[in-house]
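Remarks on the structure that follows.
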Amino acid sequence: MSSHDHKIHAEHPHAHGPACGHTAIKHGDHLDYLHDGHLHHPHGDHVDEHTIEVSAHNPGACTPDHACGAHDKNHKHGPGCGHEAVPHGDHVDYLVDGHLHHPHGAHCDNHGPVEIVQKAA
Ligand SMILES: [Zn+2]
Ligand SMILES: [Zn+2]
Ligand SMILES: [Zn+2]
Ligand SMILES: [Zn+2]
Ligand SMILES: [Zn+2]
Ligand SMILES: [Zn+2]
Ligand SMILES: [Zn+2]
């Protein structure tokens, strides 16, 4: 490491944008990109970390009766499960068919809809 290294570029060499290959979702009045379980918001020369707020639109409640059939009942969400991790409040959810799934015991809680603007490549 030389003193000429630029921290921001070293940690985040990828420039998010249209067709960058990451899923883009609508967050308030802007777009964020799902990147390795983080919600990235390009902001000038750096990238902000955003989190979906717990709200009436995206509640953090337990919904034991949620059975949308988007995945097998025995499916275990986790790294590499095929769903993208999304930071929500103080926990991590998974993006399943346009809404947030929160693994909770033997079921998944429905933590509300997310508007997908750009699909992962
Ligand atoms: Zn990207
Ligand atoms: Zn955001
Ligand atoms: Zn639950
Ligand atoms: Zn569901
Ligand atoms: Zn999953
Ligand atoms: Zn959640
Ligand atoms: Zn699920």
Side-chain angles (χ1 to χ4, degrees):
M1 291 285 269
S2 81
S3 59
H4 294 286
D5 283 335
H6 295 274
K7 242 194 162 128
I8 289 164
H9 293 277
E11 288 176 356
H12 199 273
H14 174 88
H16 294 298
C20 74
H22 293 115
T23 298
I25 66 172
K26 205 158 186 313
H27 183 214
D29 59 358
H30 60 266
L31 290 186
D32 290 335
Y33 296 86
L34 286 174
H35 190 190
D36 287 344
H38 295 145
L39 205 49
H40 278 174
H41 180 64
H43 187 210
D45 66 351
H46 61 280
V47 174
D48 293 333
E49 300 272 359
H50 283 190
T51 299
I52 304 276
E53 296 80 11
V54 173
S55 65
H57 187 69
N58 292 112
C62 178
T63 61
D65 298 329
H66 183 67
C68 64
H71 62 64
D72 198 81
K73 262 185 101 165
N74 302 318
H75 180 79
K76 288 255 180 294
H77 293 296
C81 77
H83 300 111
E84 300 209 57
V86 183
H88 179 216
D90 60 358
H91 59 268
V92 172
D93 290 339
Y94 293 86
L95 186 57
V96 177
D97 254 10
H99 60 288
L100 297 175
H101 271 199
H102 182 61
H104 190 206
H107 65 267
C108 286
D109 297 332
N110 178 8
H111 283 181
V114 167
E115 191 177 329
I116 300 169
V117 177
Q118 166 179 307
K119 292 236 190 219

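Small disclaimer: the values here were computed from a predicted structure and weren't measured. What's counted below: heavy atoms across the whole structure, side chains too, no hydrogens, waters or symmetry copies.
Taking each heavy atom of H107 and C62 in turn, the nearest pair found is NE2-SG, 3.5 Å. Minimum interatomic distance between C20 and A15 (heavy atoms only, all atoms of both residues): CB-O, 4.0 Å. Of all heavy-atom pairs spanning G37 and P87, the tightest one is O-CD, 3.5 Å. Considering every non-hydrogen atom in both C108 and H71, the closest pair reads SG-NE2, 3.6 Å. Closest heavy-atom contact between V92 and A85: CG1-CB, 3.7 Å.
To the nearest 0.5 Å, atom CG of residue L34 and atom CD of residue Q118 are 10.5 Å apart. The NE2 atom of H14 sits 8.5 Å away from atom OH of Y33, with the distance rounded to the nearest 0.5 Å. In this structure, NE2 on H27 lies 6.5 Å from CG on L39, to the nearest 0.5 angstrom. A distance of 8.5 Å separates CG in D93 from CG in D109, rounded to the nearest 0.5 Å. Separating the NE2 atom in H75 from the NZ atom in K73 is a distance of 15.0 Å, to the nearest 0.5 Å.
H43 meets the ring-ring contact (aromatic ring centres under 6.0 Å, His included) test with H46; sequence neighbours excluded.
Remark: side-chain polar atoms of T23 are paired, donor with acceptor, to backbone N or O of A120 under 3.5 angstrom. Between the side chain of H41 and the backbone N or O of L31, at least one donor-acceptor pair lies under 3.5 Å. Not one N or O on the side chain of T63 forms a donor-acceptor pair closer than 3.5 Å with the backbone of D65.
Outside the 6.0 Å centre-distance limit, the rings of H83 and Y94 are not counted as a close aromatic pair.
In this structure, L95 and I116 have side chains that are in contact, with non-hydrogen atoms separated by less than 4.5 Å. H50 places a side-chain heavy atom less than 4.5 Å from the side chain of D48. For the pair T51 and H88, the minimum side-chain heavy-atom distance is 4.5 Å or more.
For the side-chain hydrogen bond (donor to acceptor under 3.5 Å, both in side chains) criterion with H111, the lone passing option out of H91, H99, H101, H66 is H91.
In this pair, H22 and H35 present their aromatic rings tilted. The plane angle is within the 30 to 60° band.
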Quick one: do D90 and V54 satisfy side chain to side chain contact (heavy atoms under 4.5 Å, CB included)? Show the steps, please. CA-CA 9 Å; D90 60 358; V54 173; over 6 Å; no

